[in-house]
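Quick note on labels: first sequence line is chain A, next is B, and so on, each numbered from 1. Keep in mind that what you see is a predicted model, and the values were worked out from it rather than measured.
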2 protein chains.
Amino acid sequence: MTGELGPNLDTVLGKAVAILRSFTPEDQVLPLAELVRRTGLPKASAHRVAADLVGHQLLDKVPGGYRLSGGMFELGMRASAERTLLELAMPFLQDLYERTHETVHLGVTDGHAVVYVAKIGGHRQAPAPSRVGGRMPLHCTAIGKVLLAHAGPEVRKSVLTGPLERRTPHTIVAPGLLRRQLDAVLETGIAFEREESTPGLLCVAAPVLDFDGHTALAGISVTGPVGRYRPESHATAVRAAAQALGSVVSRGRSGRPGRSG
Amino acid sequence: MTGELGPNLDTVLGKAVAILRSFTPEDQVLPLAELVRRTGLPKASAHRVAADLVGHQLLDKVPGGYRLSGGMFELGMRASAERTLLELAMPFLQDLYERTHETVHLGVTDGHAVVYVAKIGGHRQAPAPSRVGGRMPLHCTAIGKVLLAHAGPEVRKSVLTGPLERRTPHTIVAPGLLRRQLDAVLETGIAFEREESTPGLLCVAAPVLDFDGHTALAGISVTGPVGRYRPESHATAVRAAAQALGSVVSRGRSGRPGRSG
DNA sequence: ATCCTACGTTCCACTGAGTGGGACGGATCC
DNA sequence: GGATCCGTCCCACTCAGTGGAACGTAGGAT
């Protein structure tokens, strides 16, 4: 429903946030001109605000432009919800990795996307497009389906009625089929993805449920390449890890998960 | 040399940054009054700026106060230098963990501190105070010593002449002794820490060197509890991992490491 | 029940921080 | 040579931002 358009450029803070948000996970350094293009700010304003951000250690000025600085990283890692989740999850993710030696993901919902909180893998991991701090659509990833299945009816409906972006020939773009899969997820506690977001990748995921047994706080997945990897054979392990993490996370929490779209 | 005092509170951005920086890794949610105390801002200003930050999804308003939001986490994870390092390092850290089953750290320098970029461990990890995104002094941690040994002469001198904060009875507070240890690090490529930052913890670390063989881009360490854990027995593995990571990171970079103190 | 203190919220008249069009110099391309 | 894109700097205008003050409420002490 929300127009979800960028920050208000009429305030300093809006300008600053717009500049910071210009950086995608793929960008390393952006020249001033690019910041101007992406934000729509006047050149002089962008220049000044960027310089201020450098002064505040949120940006680095490097030959060729600006980049998000280590100070930004530090600050981001202090976000309590995500960091706590990450810290509690790490041992379980390790177990999963050690057992499978495939790429393990931990992700949470934000709006209509999965945001990856952790990604661990070895030297020969399947080339997944996912990145920590990056986003992927809900409807075409295993973690996404798991989160979507447990999401509130509004989100679920909004995704199912909205256009389902086709990422690969296997992406599920039929709302009916997707709905049936989501119902299955609620029954089995497991979701699969078969080359629906990226050709050559298979995926199993399970929900990390709050103690109420309904709200999904996060999702865990194991990803591998078509060929050597059989997602079904790890379903039990993923579900067990997610369940265990859920019970740990549930301890010592009464509040809401936060985050809304 | 730098007074290193907080952001300029006379600008909106300064106020915003001051508020964001009020959060330490230990804080979950801070009430408005606490933000006022920590930043020194007038109550009304703090209230307004905090509300703006909520609007920009950098803070969440939760019962009891404010906390750094998921949007902040996302943004921080886009800091290219740290994220790239993290992604490249993960497989090597995994190897180390699998081999040792002790807590593995990856850290970089900022000023006179180590900032931890990754921390992976299992269910029964030694209770280390380190946190991802958190800081520890250079002189009393294994990674810190490794980074300090390879730091520029200014930083090294500045730390050695400055006061060496005592953290435990074992903390090295004698500049001469520390200097000798640093020299040894340059020769052996390994640093140890024996309950110098935290009672009951032992640690080995090795530097991740740039292709020039001098600049330390990061440090890797393996930490374990007094008793079952013998740091010496993992020295070789840690050094090998750090070296391998160094050669991978060095590929495809010509620029500077960035970050200064 | 009453006082007191500490909190979050709101109001609003004042003012200087922030604004951005424009001008400048340097690179690069054709 | 001219055209184009870049980063930087200037500076008179103005409205976004300011913060003292007043308010309602919650909780603890008496």
>> Could you tell me how far apart B:Leu30 (CG) and C:dC7 (P) are, to the nearest whole angstrom?
In response: 13 Å
> Nearest-Å distance, CG (A:Asn8) to C1' (D:dA16)?
Replying inline: 11 Å
> With no hydrogens and no angle check, is any side-chain donor or acceptor of A:Thr171 less than 3.5 Å from a backbone partner on A:Arg166?
Replying inline: no
> Just wondering, do A:Ile120 and A:Thr103 contact through their side chains at under 4.5 Å, heavy atoms?
Replying inline: no
Measuring to OP1 and OP2 of [N], would you say a side-chain N or O of [X] lies under 4.0 angstrom away?
X	N	answer
A:His47	D:dG7	no
B:Arg37	C:dA6	no
B:Lys61	C:dT9	yes

>> Exactly one of B:Leu106, B:Leu93, B:Val132 should register a side chain to side chain contact (heavy atoms under 4.5 Å, CB included) with B:Val117. Which one does?
In response: B:Leu106
>> Roughly what angle, to 10°, lies between the helix axis at the start of the helix from C:dA1-D:dT30 to C:dC24-D:dG7 and the one at its end, five pairs per end?
In response: 50°
>> Go through it in stages, so that I can follow the logic: the residues are A:Asp27 and A:Arg67, the test is side-chain contact (heavy atoms from CB on, under 4.5 Å), and I'd like the CA-CA distance, side-chain angles, deciding distance and then a yes or no.
In response: CA-CA 8 Å; A:Asp27 300 312; A:Arg67 70 172 182 201; over 6 Å; no
Ionic contact status for [Y] with [X], cut-off 4.0 Å:
X	Y	value
A:Arg135	B:Glu74	yes
B:Glu34	B:Arg37	yes
B:Arg156	B:Glu154	no

Would you list the protein and nucleotides 13-21 of chain C atom pairs, both N or O, that sit under 3.5 Å from each other?
{"unit_1": "C:dG18", "atom_1": "OP1", "unit_2": "B:Val12", "atom_2": "N", "d": "3.2"}
{"unit_1": "C:dT19", "atom_1": "OP1", "unit_2": "A:Lys15", "atom_2": "NZ", "d": "2.8"}
{"unit_1": "C:dT19", "atom_1": "OP2", "unit_2": "A:Arg48", "atom_2": "NH1", "d": "2.3"}
{"unit_1": "C:dT19", "atom_1": "OP2", "unit_2": "A:Arg48", "atom_2": "NH2", "d": "3.3"}
{"unit_1": "C:dG20", "atom_1": "OP2", "unit_2": "A:Lys15", "atom_2": "NZ", "d": "3.2"}
{"unit_1": "C:dG20", "atom_1": "OP2", "unit_2": "A:Ser45", "atom_2": "OG", "d": "2.9"}

> Does a donor on one side chain sit under 3.5 Å from an acceptor on the other, for B:Asn8 and B:Thr11?
Replying inline: no
